[in-house]
Protein chains: 2
Amino acid sequence: MKMLINVPETVVADALRGIAAAHPELTVDVENRLVVRRDAPVEGRVALVSGGGSGHEPLHSGFVGPGMLAAACPGEVFTSPVPDQMVRAAAAVDSGRGVLFVVKNYTGDVLNFDMAAELAEDEGIQVAKVLVDDDVAVRDSLYTAGRRGTGATLFVEKIAGAAAEEGAPLERVEAIGRQVNASSRSFGVALSSVTTPAKGGPSFDLPAGELELGIGIHGEPGRERRPMMTSGELADLAVDAVLEDLPPGGPVLVLVNGMGATPLLELYGFTAEVHRVLGERGVPVARTLTGNYVTSLDMAGCSVTLCRADEELLRLWDAPVSTPALRWGR
Amino acid sequence: MKMLINVPETVVADALRGIAAAHPELTVDVENRLVVRRDAPVEGRVALVSGGGSGHEPLHSGFVGPGMLAAACPGEVFTSPVPDQMVRAAAAVDSGRGVLFVVKNYTGDVLNFDMAAELAEDEGIQVAKVLVDDDVAVRDSLYTAGRRGTGATLFVEKIAGAAAEEGAPLERVEAIGRQVNASSRSFGVALSSVTTPAKGGPSFDLPAGELELGIGIHGEPGRERRPMMTSGELADLAVDAVLEDLPPGGPVLVLVNGMGATPLLELYGFTAEVHRVLGERGVPVARTLTGNYVTSLDMAGCSVTLCRADEELLRLWDAPVSTPALRWGR
């Protein structure tokens, strides 16, 4: 696989220089690997900090800005950031009202954010955590004990970020984040493998004419392989897998997420099928977001995330947000 | 190549149903293949209409909304829409102040928009046209006499769309569109071939370890093939090719555009290199946009578009826009 890079060793630093170039509204510390909203710390506001391995862009750096994250800590490709980054981020954004860590459930991330929380508290920063574990495909996986954190991360960061922006206290922002995670489930499908810069070739073999159901966002194995299916068949399978485990409730937020290399034309076609299935199952849709948001480098494929949204979550979802990748309201 | 589709014949209709599902703020006519802003016609405002073959999403349907296009007409994949679509679009959005057709320079598009302009004028709709032909890579190509229209389409649609939104008359909106095109140049690079749904396999062969310089957005041949280069080497080559032909002037708008399958992590790294080269050449940068905007289905690669922006163009670029793919201001 050919990549648009200099050398594998500088991929993350090069991208951070590019984020700095394209987004003067963010403060980018290339050396310490931090992306911070320029006006941080924002007085009287709880600050959200997230991070994880690189290769899932726009997650998380593309979600930094008013109404969402105060800071993101990118690790090496598919590798957790280190506690030092997270502590530095917390110190940069804490206004005195505390910091919420949004942590995807991968062993390295969990350990490092736990350690960072202790270190930050030693420095007098109040820290709470929300663990995101929305992927229904498998229990325990290559890098995870329990369920993996995938698409729901976007919902948690947007909705808890809106609560923080409105001035909610840390306990409330944390509770909202936990509610969003508890109300969300995801299922992903791979049509191709993923190529990491370090390896330079496919991470796994997926024969022509087969797809992998229940894939993770690092090429971790899913539930099973099957012969190629149509978009409609895949929507039936993915939506049913999500609904089987989704708590009952009202309307849903829908994320139809591309893994990176699947054309938007196809993602919109898949969105139509997801809506068809939800209609057939009697699940009302409140909002739909289609695009490449929680990606896996050059992997072809998609995931579906549903979140049961009560009126308060829906109001916070609709609240203004201004980040590189999500921007609406004012 | 595996695709997330039902059957090739319904790819465009399926995507339109998905756009309708995800974007209730747009009116989507699946049967007649039109995407229209819901509040059209907007009284007292000139309306922009564009369109072209599908497979370049978010171009053009993702650019429909306040501050940009009033309507988009998607054709089959890599195939011009028909005059009937364009006339229908013009009739749906004309407030009496006229319609501007934004046409990428491909033979089919040019012929069909010309015919549509005549038919619309027969119906009493005043029509002006802006032809986009920004690609410096080749003169004449598989589907084009003269230069191809690529990344600058986004600049023309955004900036002329802002002028229309402010209430400028048709002649002025047309003049702004022409100025943007005349001030813009692009150069693209392919790291892989493209797969169309109808063909199901690569449109051309690009050996491992080679890239194609000066590629178009339909897999049309470029200038030459070369052994794989680094991101930095490619930025030198692409930016210099653009600057060689760019009119002199002040600061530039920069579009670092992904062709579809290149990860955002790599596009940001390339953005850093583009900025480095512009700095070395003494070209000040006013604004930078990085992402997948004018794509070629599942092709890996990127393009660079520069536009010399005077204060008025810059003001119009910064003006509010609210579309699925570009959204800022209020």
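Bear in mind that the values here come from a model prediction, so they are computed numbers and not experimental data. Numbered from 1 within each chain, the chains take letters A, B, ... in sequence-line order.
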Requested in this report: Answer yes or no: is there a donor N or O on one side and an acceptor on the other, between the side chain of B/D14 and the main chain of A/A272, under 3.5 Å?
Outcome: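 No: the side chain of B/D14 does not pair with the backbone of A/A272.
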
**Report entry** Choice from B/G62, B/P263, B/S61 maximising heavy atom contacts with chain A below 4.5 Å
**Finding:**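 Heavy-atom pair counts peak at B/P263.
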
Query raised in the report: Do you know which of B/T271, B/V12, B/V11, B/I19 has the most heavy-atom pairs with chain A at a distance under 4.5 angstrom?
Result: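 Going by pairs under 4.5 Å, I would pick B/I19.
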
Between [options], who has the most heavy-atom pairs with chain B when the cutoff is under 4.5 Å?
options	answer
A/V189, A/I5, A/T290	A/I5
A/H275, A/H56, A/R276, A/M299	A/H275
A/C302, A/A13, A/G18, A/A325	A/G18
A/E233, A/H23, A/M229, A/R287	A/H23

Query raised in the report: Does atom CD of B/E31 have more than 12 heavy-atom neighbours, drawn from other residues, nucleotides or ligands, at distances under 6.0 Å?
Result: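 No, the 6.0 Å shell around CD holds no more than 12 heavy atoms from other groups.
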
Query raised in the report: Are more than 12 heavy atoms from other residues, nucleotides or ligands located less than 6.0 Å from atom CD of A/E224?
Result: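 More than 12 heavy atoms, drawn from other residues, nucleotides or ligands, come within 6.0 Å of this atom.
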
Heavy-atom pair of closest approach, residues [X] and [Y]:
X	Y	result
A/Y268	B/P324	OH-CB, 4.3 Å
B/G209	A/K2	N-CD, 3.9 Å
A/M3	B/M228	O-CE, 3.1 Å

Proximity breakdown for [X] and chain A, heavy-atom pairs closer than 4.5 Å:
X	result
B/L234	side chain
B/T295	neither
B/P58	both
B/A300	neither
B/V7	neither
B/L206	both

Point-to-point distance, once rounded to the nearest 0.5 Å, from [atom1] of [X] to [atom2] of [Y]:
X	Y	atom1	atom2	value
A/S231	B/L4	OG	CG	4.5 Å
B/R327	A/L326	CZ	CG	9.5 Å
B/T262	A/L297	OG1	CG	11.0 Å
A/L264	B/N292	CG	CG	9.0 Å

Requested in this report: Tell me, for A/V77 versus chain B, whether the close heavy atoms (under 4.5 Å) come from the side chain, the backbone, both or neither.
Outcome: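 For A/V77, the side chain is the part near chain B, not the backbone.
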
Query - Sub-4.5 Å side-chain heavy-atom contact between A/E266 and B/D298 - result: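 Counting from C-beta outward, A/E266 and B/D298 never come under 4.5 Å.
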
Report task. For side chain to side chain contact (heavy atoms under 4.5 Å, CB included), just list the numbers for A/E57 and B/L267, CA-CA rounded to whole Å, side-chain angles, deciding distance to a tenth of an Å, and then say yes or no. Result -> CA-CA 10 Å; A/E57 290 67 25; B/L267 292 179; over 6 Å; no

